[in-house]
Amino acid sequence: TPKSGGAILAAQIGQGALLYSIASWGPLYLERIGTTSTLSLDIDSAASAITSISSVAVTASIAASSLILPQLTQALVGVSIGTTADQLSSVIGTRFTRRVLQLLSGVGPAVILWYLTTANSGDEYDPTLLFGAAQTLSALSLGAVSVSHLDIATPSTAGAVYALGNVAAAASGSVMVNLFGTLLEKESGGFGLDAETDGQEFGLPFQIVAFLSAVGSSVYALTVETDLQIGDSEDQ
């Protein structure tokens, strides 16, 4: 239905903004707030040893390494969520399963990002752990919006619905990554490694990402429909 098609687009727009921004700006954010400070002493020496690689690239690589484990857990959740979603659907219905999983995958990371950008400097928390949790939760969408085209469309049009949703995610992600960079540049005046910042300039960009992610998934959760029956359950 058109309403379900709109729900898919809304969720994909939010998902694209979330995942593209985390992948593109997450490493720099973690470096700026000091989670990779134990390795910071090696940056200059590593960069000077390989003159063709800038210190910015070295720092980004070091910070990105802290996201390897979350990416692995995200992949693990992605592999297992399909079977889990089918089992849940046979008990609580396909529509409810899709809505709950998408809500968790979009609102969960949004809450985490909002907390990271508003927490007091004295609060005790592990930014890398929370950032990784946001990545992992986003994988739950593989049991929701990522397969909704199979629920709402005929076999002849399901591929087109799937493609349109992915295009919306890619477009949203690309626009958000550029907007993110523009806002960072405005707030911090550049991306130099010696900039005296504590990551506060990431507040507004990540809050915009959180808003898009939460709204997109909420629209999906409130409006998506499905007639697909899994197991003996009937969607009401």
### Query
Nearest 0.5 Å, what's the CG-OH distance between Leu116 and Tyr29?
4.0 Å
### Query
What's the shortest heavy-atom distance between Ser148 and Val224, and which atoms?
OG-CG2, 4.4 Å
### Query
Sub-3.5 Å donor-acceptor pair from the side chain of Arg98 to the main-chain atoms of Gly143, do we have one?
yes
### Message
Is there a continuous path of hydrophobic side-chain contacts, each under 4.5 Å between heavy atoms, that joins Tyr115 to Leu103?
### Response
no
Identify each donor-acceptor pair in which a side-chain atom of residues 164-176 lies under 3.5 Å from a protein atom, sequence neighbours left out, and give them as a table.
residue : atom : partner : partner atom : Å
Ser172  : OG   : Ile13   : O            : 2.6
Ser174  : OG   : Ala170  : O            : 2.9

### Message
Can you confirm whether Pro205 sits close enough to Leu179 that some side-chain heavy atom of one is under 4.5 Å from a side-chain heavy atom of the other?
### Response
no
### Message
Distance check, rounded to the nearest 0.5 Å: Thr94 atom OG1 versus Arg99 atom CZ?
### Response
12.0 Å
### Message
On a heavy-atom basis, which atom in Ala139 and which in Val77 lie closest, and how many Å separate them?
### Response
CB-CG1, 3.8 Å
#### Entry: From CG (Asn178) to OG (Ser21), nearest 0.5 Å
10.0 Å
## Note on the structure
One should read off an interatomic distance between Leu101 CG and Phe96 CZ, to the nearest 0.5 angstrom, of 10.0 Å
### Message
Which residues pass the side chain to side chain donor-acceptor pair (under 3.5 Å) test with Thr136, not counting sequence neighbours?
### Response
Thr73
## Note on the structure
Separation between CG (Leu19) and OG (Ser138), nearest 0.5 Å, reads 4.5 Å
Show which side-chain atoms of residues 206-215 pair as donor or acceptor with protein atoms under 3.5 Å away, not counting sequence neighbours.
residue : atom : partner : partner atom : Å
Gln207  : NE2  : Thr117  : OG1          : 3.4
Ser213  : OG   : Gly106  : O            : 2.8

### Closest heavy-atom pair and its distance - Leu142, Gly78
CD1-CA, 3.3 Å
### Task
May I ask you to decide if Gln102's main-chain N or O and Ser217's side chain share a donor-acceptor pair within less than 3.5 Å?
yes
#### Entry: Any side-chain heavy-atom pair of Leu28 and Phe202 under 4.5 Å
yes
### Summary
Sorted by chain and number, sequence neighbours left out, side chain to side chain donor-acceptor pair (under 3.5 Å) with Ser24 holds for none
#### Entry: Check: Ser80 main-chain N/O paired with Thr83 side-chain donor or acceptor under 3.5 Å
no
### Residue pair Leu113 / Phe131: nearest heavy atoms and the distance that separates them
CD2-CE1, 3.9 Å
### Query
Mind checking whether Ile92 and Ile81 sit in one hydrophobic cluster, side chains of I, L, V, M, F, W, Y counted as touching below 4.5 Å?
yes
#### Entry: Remaining members of the apolar cluster that contains Leu129, side-chain heavy atoms under 4.5 Å
none
### Query
Would you say Leu137 and Ser105 make side-chain contact, with heavy atoms under 4.5 Å?
no
### Task
Output all residues satisfying ring pair (Phe, Tyr, Trp, His ring centres under 6.0 Å) with Tyr162, sequence neighbours left out; order by chain, then residue number.
His149
### Query
Do Val100 and Leu18 belong together in a cluster built from hydrophobic side chains that touch within less than 4.5 Å?
yes
### Query
Are Ile22 and Val107 connected in a single hydrophobic cluster, I mean Ile/Leu/Val/Met/Phe/Trp/Tyr linked by side-chain heavy atoms less than 4.5 Å apart?
no
### Query
Linking I/L/V/M/F/W/Y whenever any side-chain heavy atoms sit under 4.5 Å apart, do Leu104 and Val91 land together?
yes
### Query
Measuring from Ile8:CD1 to Ser146:OG, what's the distance to the nearest 0.5 Å?
10.0 Å
